[in-house]
Amino acid sequence: FPVTILFCINSERNYSVSGAQSSQYQWILSSGGFLQQDMSNICSVSWGNLIGTYILSVFEITQSGCSSDTISCTIEVVNPQINFESESYTICLDETLPLSANPPNGTWSSQFMVGNSFVGTTAGSFTVDYTAEIYDCEVQDQLTINVKTKFERPIITRADTLIDLCEDINKQFYSVQPRDGVFYIWSVENTPSYVDMNDIVVNWYDTTMNYLVSVYGVDTLNCKSEKTEFYVRTVACTRVYAPNSFTPDNDGVNDIFRVSGIGIYEARLI
């Protein structure tokens with residue numbers, strides 16, 4: 001018969017003492033629960049939902065009517081709690097979130113749980129149950145995980161994909177449709193170097209090439225959107241045409257070998 005016992009609310013427990021089987025035993029409960037006894041050395045107490053400290057006592061009555069000293073134990077009825085780091089989380093789609101709770105040796109329950117981690121493969125709001133044993137009682141609590149919907153790729157609102165540097169200026173603007181709480185990371189030829197709210201300025205070189213331009217959004221949770229990609233072709237203003245053959249036969253067609261172009265100031269042929 002222990003001196004002090006901890007039990008959780010709304011539990012039912014049996015208590016016993018050693019003694020002669022021929023004796024009767026009188027159990028006394030100060031308050032806090034419902035006592036069931038049959039004058040044997042075993043009783044049962046159904047504890048309610050009142051947190052507190054209570055006294056359970058018992059004394060023995062022999063067949064000859066003699067009474068023993070009363071022995072007592074202190075019973076503390078508690079409301080065990082599961083403690084989470086947070087009651088709710090919001091994560092990006094396809095993000096994995098490790099979860100923890102105190103006490104740590106319980107069991108998580110959700111179709112999206114892998115071990116102790118929640119895998120946000122589906123957008124929506126989900127409840128995760130956690131069950132642990134505290135003071136020999138099974139205690140359950142839950143938390144909420146919100147998985148954001150798919151982060152759509154940025155919508156281009158301004159993008160000149162052909163830049164003729166003889167007619168167009170080399171400084172060009174590119175824009176996407178802005179969204180609240182989102183900033184955008186731009187890159188040219190997979191080199192991320194432009195960060196802005198929704199537009200950038202690119203100074204194109206005097207070359208005749210195709211350049212890959214891409215942009216994606218990042219929100220306040222650091223969720224990333226899919227990339228929007230497009231190619232920009234620049235046409236250099238320095239253009240040179242040199243034929244690989246000519247026919248000097250005085251027929252009026254291709255009789256002269258001539259190098260032509262724009263932006264040529266000094267030509268040398270070897």
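In this text the structure is predicted, and so the values were computed from the model without any measurement.
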Checklist entry - With distance as the sole criterion, is a donor-acceptor pair present between the side chains of Glu87 and Thr144 under 3.5 Å? => result no

Next on the checklist: Could you tell me if Glu76 and Thr53 have a donor-acceptor pair between their side chains, going purely by distance under 3.5 Å?
Outcome noted: no

Next on the checklist: Between Lys148 and Asp219, is the salt bridge (Lys or Arg N to Asp or Glu O under 4.0 Å) condition met? List the steps.
Outcome noted: CA-CA 11 Å; Lys148 296 189 67 174; Asp219 66 9; 2.4 Å; yes

Item to check | Short side-chain donor-acceptor distance under 3.5 Å, Thr127 and Gln142 | outcome: no

Item to check | Heavy-atom closest contact (Leu50 atom, Val77 atom, distance) | outcome: O-CG1, 3.7 Å

Checklist entry - Between Tyr174 and Trp204, what is the ring plane arrangement, given parallel below 30°, perpendicular above 60°, and tilted in between? => result perpendicular

Item to check | Trp47 ring center within less than 6.0 Å of Tyr54 ring center | outcome: yes

Checklist entry - For the residue pair Tyr130 and Phe84, does the interplanar ring angle fall in the parallel (under 30°), tilted (30 to 60°) or perpendicular (over 60°) class? => result perpendicular

Checklist entry - Ion pair present between Lys150 and Glu226, side-chain N to carboxylate O less than 4.0 angstrom? => result yes

Item to check | Short side-chain to backbone donor-acceptor contact, Glu189 and Leu212, under 3.5 Å | outcome: yes

Checklist entry - Cut-off 3.5 Å, side chains only: do Thr247 and Asn254 have a donor facing an acceptor? => result no

Next on the checklist: Centre-to-centre under 6.0 Å for Phe126 and Phe112, is that the case here?
Outcome noted: yes

